[in-house]
Number of protein chains: 2
Amino acid sequence: MTKAKSEAATGRRIPDYSDPSYWRGTIKMSLSKFFVLSVLHRKPMHGYEVVQAVEKSTNGCCSPSEGTVYPVLNEFEAGGYLASTNEVVQGRSRKVYALTEKGRDAFQVAVDAWLEATDCIVESRRMAAGAVKREEREG
Amino acid sequence: MTKAKSEAATGRRIPDYSDPSYWRGTIKMSLSKFFVLSVLHRKPMHGYEVVQAVEKSTNGCCSPSEGTVYPVLNEFEAGGYLASTNEVVQGRSRKVYALTEKGRDAFQVAVDAWLEATDCIVESRRMAAGAVKREEREG
DNA sequence: AACCTATACCTCGATGATCGAGGCGTCAAG
DNA sequence: CTTGACGCCTCGATCATCGAGGTATAGGTT
């Protein structure tokens with residue numbers, strides 16, 4: 001049962017942290033709900049449209065799948081963050097979601113929390129750049 | 001077996017999205033590994049120190065628990081992103097972790113991915129602010 | 001008619017990240 | 001000798017997301 005060295009320590013496989021897609025994955029993980037609220041803040045949309053709007057508005061850096069978005073929309077609606085109305089377009093019916101007051105509040109909270117985090121991220125890059133500069137100067 | 005209305009639709013409880021701690025939670029979820037690399041980019045540290053350094057350097061906005069950090073450190077080491085040396089301080093031995101070249105590369109990749117995401121976040125706030133302004137002007 | 005593609009919504013099992021509670025041991029102060 | 005800070009670790013539970021799959025209609029092509 002000899003396992004690859006990298007698996008031996010933890011018992012499970014280790015992601016490739018040098019691969020941008022790893023980081024994009026975890027970014028997506030926490031930002032999907034945020035961006036769903038974000039695109040709906042601009043205008044009401046139906047689910048399919050939300051999926052595409054998120055992908056487009058984030059330049060593809062956060063593109064949640066339908067399997068993520070639809071349950072999220074349902075949950076948001078059940079929680080009172082969204083209200084849906086039925087719309088019939090060319091014989092086909094679709095559910096159009098709009099942010100409620102509660103939803104707008106929640107989005108504001110989310111924005112604040114994330115801006116705080118982005119400050120930390122930007123700051124950490126500044127620090128890292130500083131460390132590199134110090135190395136160049138002193139090393 | 002009548003359930004609360006908010007639970008009926010999805011079958012599971014709905015978090016309070018108006019609560020900052022919800023968003024801080026998901027932020028933490030994706031940024032813990034990032035900030036572990038970040039603080040180790042500044043200087044080598046042992047695990048306990050990493051926990052405190054992350055908390056401090058992010059002003060508490062991302063404070064992973066020990067139960068998160070220790071497994072992460074082991075995984076990073078197993079993957080070759082960190083190298084550890086034993087250090088004895090006052091009779092007590094501790095493992096000091098330092099970023100390897102590979103780890104530095106991975107951090108750079110992470111920073112790039114996150115900066116792209118932060119741009120989207122900032123932009124989404126700008127759009128939201130614009131929408132509010134339009135409402136004030138027109139409504 | 002049969003077929004394909006785009007639209008539109010949904011479900012389910014698997015994976016992965018984190019928490020929090022707990023365990024284990026050392027050292028120093030009271 | 002107990003308490004608290006240090007220091008490392010594990011495990012079960014929870015949650016977010018994926019991706020593959022299912023269902024159905026509209027419009028177009030062959």
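Just so it is clear: chains get the letters A, B, ... in the order the sequence lines come, proteins before strands, and each one is counted from 1.
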Point to revise | Side-chain N or O of B:Arg13 closer than 4.0 Å to phosphate OP1/OP2 of D:dC15 | key: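 The answer is yes; a side-chain N or O of B:Arg13 sits under 4.0 Å from OP1 or OP2.
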
Review point. Can you tell me if the side-chain N/O atoms of A:Lys95 get under 4.0 Å from OP1 or OP2 in C:dC9?
Key: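 Indeed not, no polar side-chain atom of A:Lys95 lies that close.
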
Atom pair distance, as rounded to whole Å: [atom1] in [X] and [atom2] in [N]:
| X | N | atom1 | atom2 | result |
| --- | --- | --- | --- | --- |
| B:Asn74 | D:dG7 | CG | P | 17 Å |
| A:Leu37 | D:dA16 | CG | C1' | 15 Å |
| A:His46 | C:dC10 | NE2 | C1' | 15 Å |
| B:Tyr97 | D:dG7 | OH | P | 13 Å |
| A:Glu87 | D:dT25 | CD | P | 19 Å |
| A:Glu66 | D:dA16 | CD | P | 20 Å |
| A:Glu49 | C:dA6 | CD | C1' | 15 Å |
| B:Ile14 | D:dT14 | CD1 | C1' | 16 Å |

**Study point:** Stretch residues 21-31 of chain B: residues that reach within less than 4.0 Å of DNA chain C through a heavy atom
**Key:**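 Correct list: B:Lys28, B:Met29, B:Ser30.
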
Review point. Which residue lies toward the 5' end of DNA chain C, B:Ser65 or A:Gly47, if each is placed at its nearest nucleotide?
Key: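 Its nearest nucleotide being more 5', the pick is A:Gly47.
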
Exercise for review: Could you label the plane-to-plane angle of the B:Trp23 and A:Phe34 rings as parallel, tilted or perpendicular, counting under 30° as parallel and over 60° as perpendicular?
Suggested key: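 Rings of B:Trp23 and A:Phe34: perpendicular, over 60°.
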
Exercise for review: Could you check whether the rings of B:Phe76 and B:Tyr81 sit parallel, tilted or perpendicular, using 30° and 60° as the cut-offs?
Suggested key: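 Judged by the thresholds at 30° and 60°, the geometry between B:Phe76 and B:Tyr81 is perpendicular.
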
Exercise for review: Determine, using the 4.5 Å side-chain heavy-atom cutoff (strictly less than), whether A:Ile121 and B:Val50 are members of one ILVMFWY cluster.
Suggested key: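 Yes: a chain of side-chain contacts under 4.5 Å links A:Ile121 to B:Val50.
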
Practice item. Answer yes if A:Tyr97 and A:Met45 sit in the same cluster of Ile, Leu, Val, Met, Phe, Trp and Tyr residues linked by side chain heavy atoms under 4.5 Å apart, and no otherwise. Key: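 Linked within one cluster.
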
Nucleotide of [options] approaching [X] most closely (side-chain heavy atoms):
| X | options | answer |
| --- | --- | --- |
| A:Tyr48 | C:dA8, C:dT18, D:dA16 | C:dA8 |
| A:Tyr70 | D:dA26, C:dC10, C:dG20 | C:dC10 |
| B:Thr68 | C:dT18, C:dT7, C:dC27 | C:dT18 |

Review point. Is a side-chain donor-acceptor pair under 3.5 Å present for A:Lys33 with B:Tyr17?
Key: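 On atom types as modelled, these side chains qualify, holding a pair under 3.5 Å.
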
Practice item. For A:Ser30 and B:Ser30, test the side chains for any donor-to-acceptor distance below 3.5 angstrom and give the result as yes or no. Key: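 Yes - a donor-acceptor pair under 3.5 Å links their side chains.
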
Check your understanding: If you look at every strand shown and take non-hydrogen atoms under 4.0 Å, does B:Gly67 touch a base, only sugar-phosphate, or nothing?
Key ->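 Contact class for B:Gly67: base.
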
Review point. Across the strands shown, which category fits B:Arg94 at heavy-atom distances under 4.0 angstrom: base, sugar-phosphate, nothing?
Key: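 Since only primed, P, OP1 and OP2 atoms lie under 4.0 Å of B:Arg94, the category is sugar-phosphate.
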
Practice item. Given side-chain contact (heavy atoms from CB on, under 4.5 Å), test B:Lys95 with B:Asn74 step by step and report yes or no. Key: CA-CA 11 Å; B:Lys95 255 161 106 182; B:Asn74 284 329; 3.8 Å; yes

